[in-house]
Amino acid sequence: MDATLKLYNTLDNKISPFVSNEPGVVRMYTCGPTVYHFAHIGNLRSYIMEDVLEKYLRYIGYRVDRVMNITDVGHLSSDADTGEDKMLKGAKRENKTVMEIAQMYTEAFFNDCNKLNIRKPDTVVPATSMIDGFIHMVQTLLDKGYAYVAGGNVYFDTSKLDNYYVLTNHNQEDLNVGVREGVEEDTAKKNKTDFVLWFTRSKFEDQALKWDSPWGVGYPGWHIECSCISIENLGEYLDIHCGGVDNIFPHHTNEIAQSEAYLGHKWCNYWFHVLHLNDETGKMSKSKGEFLTVSLLENKGYDPMVYRLFCLQSHYRKPLLFTWDVLDNAKNTYDKLIKRIRTLEKDGTVDPASVQEWHMKFAEAMAQDLNTSSGITVLYDLLKADLNGATKRAIIDDFDRVLSLNLLAAADAVPEEPAADDALVAWIEERIAARKAAKKAKDFAQADAIRAELAEKGVTIKDTREGTVWELA
Ligand code: AMP
Ligand code: ZN
């Protein structure tokens, strides 16, 4: 069996065996949320799949050092350094200070993560806590000749690189991809692809967060945050950098440009990107249409585990369409799965050899570019296998180190009795009386038809000496 992880890498667009810089250790960086609003379930799809990657790496024996930033300054409405500061927009919307907004939505983000069993990375760094580090990095880029000051801002000079587009096959014309929400051309730039490392000339008089710097009072660009936080906390050689697919350009492209210019060598070996979750209108939005959050799912009666399962059922490199119908399908699947696990006997002796054998099967299924749906298929194979309940439960527990679907806990929880409403009870009793009458008149076809009618509504009936009793599934 071969459980070596074969991972798709955006850097060369190939699936190849994963090899870390240091044997047994993976240094992994994740672009964290911009905390100006709640995360939508699209954002959370990315974090779920990154969580699975981290847990899978641990499952196959790596130590994983993972760092995430919190973008609480510098992310403008367009990823290409223009438009309004997202944090400022959030603060205005809610009549709060930028720091209040940051704190509130950072908490909300980890709350959602918690509900979805997304492990919080050991190191989480708000951008505003690293300003000195950003200033040092920008100064080094200026000293090395990779940056220039123009019109009050410090820019990275992309013409100094042999190949700026290492991560994509983008070219100058495709630049508009990163330029979304109404953009004016920045005339201070030497090259169209140059990007801001440090702003001193804020367009917004009420720019809330500003720091002193050698270039005047200002604030960092978004891209420098991730490069600096990653290098400070994980060193000069990074194994995996993660994010949603929209981060490829310009954010990750710019991160590579400035990190490698700063370090003087290759920085990160694997780039892991999660494709988007879309709704029926196309792009998921926080301002238009239904704002899909974890709380909204909960308010509509969905366990967050249903959403996690929905994500795991499809591959992270395929776009995923969200509708309430497909979520209902995932709910049915989850409920049935839990019901099946509930029937497993707890008594019996766990067979360690079988646990090891199935551990390998699961590891192998997932090894092909983190194939979560194959991992779930192994779980179904296990349920059909000829093993005692206790061993199956131990194996399920082992799989759930990666799947994190609360499988045993949900199965062991007392199932909620569905409450039958009064109208339904009256209807059932009326049908039972009608069936009794039909039987008395020896119209057995009619009696059977009524039994079937009840069954269709989830009502099973049993004739006892005390009369007919019924149960709602
Ligand atoms: P943001 O808070 O805007 O910085 O985004 C947080 C993360 O969510 C980033 O990794 C984005 O690439 C990712 N993301 C944004 N929209 C979606 C989406 N519709 N589906 C999946 N991931 C997304
Ligand atoms: Zn980032």
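Values below: all heavy atoms of this structure, side chains included; hydrogens, waters and symmetry mates excluded. All residue numbers in this chain count up from 1 along the given sequence. In each ligand, atom 1 is the first atom listed, and ligand 1 is the first ligand listed.
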I want to check a possible cation-pi pair here: Arg27 against Tyr237, using under 6.0 Å from ring centre and within 45° of the ring axis as the test.
no

Can a donor-acceptor pair be found, under 3.5 Å and without considering hydrogens, that links the side chain of Lys115 to the backbone of Pro304?
no

Ring geometry between Tyr148 and Tyr155 (parallel below 30°, tilted from 30 to 60°, perpendicular above 60°):
parallel

Quick check: does Thr34 get an N/O under 3.5 Å from an N/O on ligand 1?
yes

Specify whether Tyr164 and Phe249 have parallel, tilted or perpendicular ring planes, treating 30° as the upper limit for parallel and 60° as the lower limit for perpendicular.
perpendicular

Just distances here: any N/O of Lys86 and N/O of ligand 1 closer than 3.5 Å?
no

Under 4.0 Å, heavy atoms only, figure out whether ligand 1 is touched by the backbone of His40, its side chain, both or neither.
side chain

Please name the atom of His251, limited to N, O or S, that comes nearest to the Zn ion (ligand 2).
NE2

Below 30° counts as parallel, above 60° as perpendicular, anything between as tilted: where do the rings of Phe195 and Phe156 land?
parallel

Asn278, any N or O under 3.5 Å of ligand 1 N or O
no

Atoms of ligand 1 under 4.0 Å from any heavy atom of Ser46, numbered from 1 in the order shown, are 13 (C), 21 (C), 22 (N), 23 (C)

Under the side-chain hydrogen bond (donor to acceptor under 3.5 Å, both in side chains) criterion, do Asp328 and Tyr302 qualify, and how do the steps go?
CA-CA 9 Å; Asp328 281 336; Tyr302 297 94; 2.6 Å; yes

Gly244 N/O to ligand 1 N/O under 3.5 Å
yes

Looking at ligand 1, does Tyr47 have a heavy atom less than 4.0 Å from it?
yes

Counting heavy atoms only, which of Val35, Asn247, Leu275 is nearest atom 9 (C) of ligand 1?
Asn247

Per-atom contacts of ligand 1 with Pro33, taking only distances under 4.0 Å to non-hydrogen atoms:
2 (O)

Quick test of your reading of the model: are Asp335 and Lys331 salt-bridged, counting only N-O distances below 4.0 Å?
yes

Is there a heavy atom of Leu277 sitting under 4.0 angstrom from any atom of ligand 1?
yes

Do any of the N/O/S atoms of His223, backbone or side chain, fall under 2.8 Å from the Zn ion (ligand 2)?
no

Aromatic plane relationship, Trp271 with Trp267 - under 30° parallel, 30 to 60° tilted, over 60° perpendicular
perpendicular

On the 0 to 90° scale, with breaks at 30° and 60°, tag the Phe199-Tyr219 ring pair as parallel, tilted or perpendicular.
parallel

When you measure from the heavy atoms of Val274 to every atom of ligand 1, does any distance fall below 4.0 Å?
no

